[in-house]
Amino acid sequence: MAAIYIVEDDKNIREIETFSLKNSGYEVEEFPNAAEFYKRMEEKYPQLIVLDLMLPDEDGLNIVKKLRSSAAWRKIPIILVTAKTTEMDKVKGLDMGADDYLTKPFGVMELISRVKALLRRTMDIDDEKLLVFSNIVLDTEKHLVKVDGEQVELTYKEFQLLKLFLRNAGIVMNRDSIMVKIWGTDYEGESRTLDMHIKTLRQKIGSSGNRIKTIRNVGYVLE
């Protein structure tokens, strides 16, 4: 289930967007301003952001700029929502880094359709060559990992696990989804294999190992 953040100061619009997306099976959190949105982003990342252009405390384009300049946040898909209708406003939003846009007023079905299309385009993208998170650097082309500038030797599965965590930093991943992505199976009997690989991965990346948190009865998250 994809997690979606809605940043919208108009309560009525925010409630309609939230209700519609939840009914479509998405996990949704809503924020009336940039301050609350940033606070939550420090705790957990979504898989898509629906962002209003006009907010009470910060311009939406400035938020897009901040997200795109952050190593941790720059890949999160953004749908920009604006009441402005000129072509220049839309082009500026896309040039700043937004992936798509909606012009108010828009229909619920259009919102859901845009969200589904954008998630399809971005969820399976695997083209980022260098992944950086805090003191961890992973080079997908050279199959190399460094922690605090020192090279760390990982097995193939440990490398794939770390890459998965880095690409989904802040997102809680359940055990079944990890098994499918790394081992190609969700067979329950293989869960001990996952636990053992997580344990050795934590040990090998040293002090950064405690960033891989166990979420009881759910799975794991890189914080």
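Along the sequence shown, residues carry numbers from 1.
Ring geometry, Tyr5 versus Phe31: the interplanar angle exceeds 60°, so the pair is classed perpendicular (tilted spans 30 to 60°). Between Trp73 and Tyr38, the two ring planes are parallel [angle under 30°; tilted spans 30° to 60°].
For the pair Met41 and Pro46, the minimum side-chain heavy-atom distance is below 4.5 Å. Leu67 is listed as a side-chain neighbour of Ile49, based on a closest heavy-atom distance under 4.5 Å. A heavy-atom distance below 4.5 Å is found between the side chains of Val81 and Lys104. Side-chain atoms of Tyr26 and Leu119, non-hydrogen and from C-beta on, do get closer than 4.5 Å to each other. In this structure, the side chains of Leu161 and Leu194 come closer than 4.5 Å at one or more pairs of heavy atoms. Considering only heavy atoms from C-beta on, Leu61 comes within 4.5 Å of Leu53 through its side chain. In this structure the side chain of Leu154 never reaches within 4.5 angstrom of the side chain of His143, judged on heavy atoms. The shortest side-chain heavy-atom distance between Leu222 and Asn168 does not fall under the 4.5 Å cut-off.
Taking every heavy atom of both residues into account, Asn62 and Glu58 meet most closely at ND2-OE2, 2.5 Å. Nearest heavy atom pair, residue Val64 against residue Met96, reads CG1-O, 3.4 Å.
The residues Arg114 and Glu110 are annotated as salt-bridged, a charged nitrogen and a carboxylate oxygen being separated by less than 4.0 angstrom. The pair Asp139-Lys146 does not meet the salt-bridge criterion, since no charged nitrogen lies less than 4.0 angstrom from a carboxylate oxygen. By the 4.0 Å N-to-carboxylate-O rule, Arg14 lies too far from Asp52 to be salt-bridged with it. Salt bridge status for Lys39 with Glu36: absent, with no side-chain N to carboxylate O gap under 4.0 Å.
Residue-environment remark: CD (Gln203) exceeds the threshold of 12 foreign heavy atoms within 6.0 Å. For Gln151, the CD atom counts as densely surrounded, since its 6.0 Å shell holds more than 12 non-hydrogen atoms of other residues, nucleotides or ligands. For Phe19, the CZ atom counts as loosely surrounded, since its 6.0 Å shell holds 12 or fewer non-hydrogen atoms of other residues, nucleotides or ligands.
Note: Glu223 CD to Ser134 OG = 12.5 Å, rounded to the nearest 0.5 Å. Note that CG of Asp99 is 5.0 Å distant from CZ of Arg68, once rounded to the nearest 0.5 Å.
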Derivation of the side-chain contact (heavy atoms from CB on, under 4.5 Å) call for Ile78 and Ile63: CA-CA 10 Å; Ile78 301 169; Ile63 296 175; over 6 Å; no
I would like to know whether Glu17 and Phe106 meet side-chain contact (heavy atoms from CB on, under 4.5 Å); could you show each step before the answer? CA-CA 10 Å; Glu17 291 174 343; Phe106 54 84; 3.2 Å; yes
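Thr140 and Arg167 form no side-chain donor-acceptor contact under 3.5 Å, judged by distance and modelled atom types alone.
There is no path of hydrophobic side-chain contacts, each under 4.5 Å, that joins Leu102 to Ile13.
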